[in-house]
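Read through the structure below, which is laid out as structure tokens, and then see the notes.
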Amino acid sequence: MSTLFIADLHLDEARPDITALFERFLASDEAHAATGFYILGDLVEAWIGDDDDAELPTRIAAATRALSDSGVPVYFMAGNRDFLLGERFAERAGMTLLDDGTVHDIEGTPTLLMHGDVLCTDDVEYQAV
């Protein structure tokens, strides 16, 4: 068994090949054998809102829900591109929301989970935003 992590996929309708690879991976035996699946931010290039019923969020929700329904817990931590993703979409997608900077028990080890943008301390302009 393994715990799986992804971050910064920046899924976008303009890059359907990346979305297809994401869906194929979530349907794979490897993903279904995992003890947990963690999405650590910037799953999408830009998040419009939980009420967006466009094709991309619908596909993402279906893929993560299928993994979750198979018994693999799916966790989501927002990044700077998808910070507006909320409870409504998370429920539809079968995901548990995590706060940035959460300590989670990963296979018996307390593990700090972060998206990482707050660590860009040398980028003063970015941090001021």
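- With a 4.5 Å cut-off on side-chain heavy atoms, Val44 and Arg81 do not count as touching.
- When all heavy atoms of Ala78 and His115 are compared, the pair lying nearest together is O-CB, 3.9 Å.
- Heavy-atom neighbours of Phe25 CZ from other residues, nucleotides or ligands within 6.0 Å: above the threshold of 12.
- Within a 6.0 Å sphere centred on CG of Asp29, heavy atoms belonging to other residues, nucleotides or ligands number 12 at most.
- Between the side chains of His104 and Thr111, no donor-acceptor pair is found at a separation under 3.5 Å.
- In this structure, the separation between CG on Leu26 and CZ on Arg65 is 13.5 Å, given to the nearest 0.5 Å.
- For Ser70 against His32, the heavy-atom pair with the smallest separation is OG-ND1, 2.9 Å.
- Not one N or O on the side chain of Asp82 forms a donor-acceptor pair closer than 3.5 Å with the backbone of Glu45.
- Residues that satisfy the salt bridge (Lys or Arg N to Asp or Glu O under 4.0 Å) test with Arg59, not counting sequence neighbours, are Glu23, Glu55.
- Partner of Met77 under the side chain to side chain contact (heavy atoms under 4.5 Å, CB included) criterion, chosen from Thr96, Leu98, Ile39, Leu97: Leu98.
- In this structure the side chain of Ile6 reaches within 4.5 angstrom of the side chain of Phe37, judged on heavy atoms.
- The one candidate from Phe76, Phe83, Phe89 that meets the ring-ring contact (aromatic ring centres under 6.0 Å, His included) condition with Trp47 is Phe89.
- A distance of 11.5 Å separates CG of Leu85 from CG of Asp42, quoted to the nearest 0.5 Å.
- Counting non-hydrogen atoms of other residues, nucleotides and ligands closer than 6.0 Å to CG of Asp99 gives a total of 12 or fewer.
- Each of Ile18 and Leu40 belongs to its own hydrophobic cluster when Ile, Leu, Val, Met, Phe, Trp and Tyr are linked at side-chain heavy-atom distances under 4.5 angstrom.
- Counting heavy atoms of neighbouring residues, nucleotides and ligands inside a 6.0 Å radius, atom CD of Glu87 does not exceed 12 of them.
- Distance check: Ile60 CD1 to Leu43 CG gives 4.5 Å after rounding to the nearest 0.5 Å.
- Shown here are the salt bridge (Lys or Arg N to Asp or Glu O under 4.0 Å) partners of Glu13, two or more places apart in sequence or in another chain: there are none.
- The CG atom of Asp100 sits 7.5 Å away from atom OG1 of Thr102, with the distance rounded to the nearest 0.5 Å.
- Aromatic ring pairs are classed by plane angle as parallel below 30°, tilted from 30° to 60° and perpendicular above 60°; the pair Tyr38 and Phe5 is parallel.
- Rounded to the nearest 0.5 Å, atoms CG (Leu113) and CD1 (Ile106) are 5.0 Å apart.
- Listed for the Asp105 side chain is no donor-acceptor partner under 3.5 Å among the backbone atoms of Pro110.
- To the nearest 0.5 angstrom, Phe22 atom CZ is 6.5 Å from Thr64 atom OG1.
- Under the 4.5 Å side-chain heavy-atom criterion for Ile, Leu, Val, Met, Phe, Trp and Tyr, Leu21 and Leu11 are members of distinct hydrophobic clusters.
- Across all their heavy atoms, Ser68 and Gly94 have their closest contact at OG-O, 3.1 Å.
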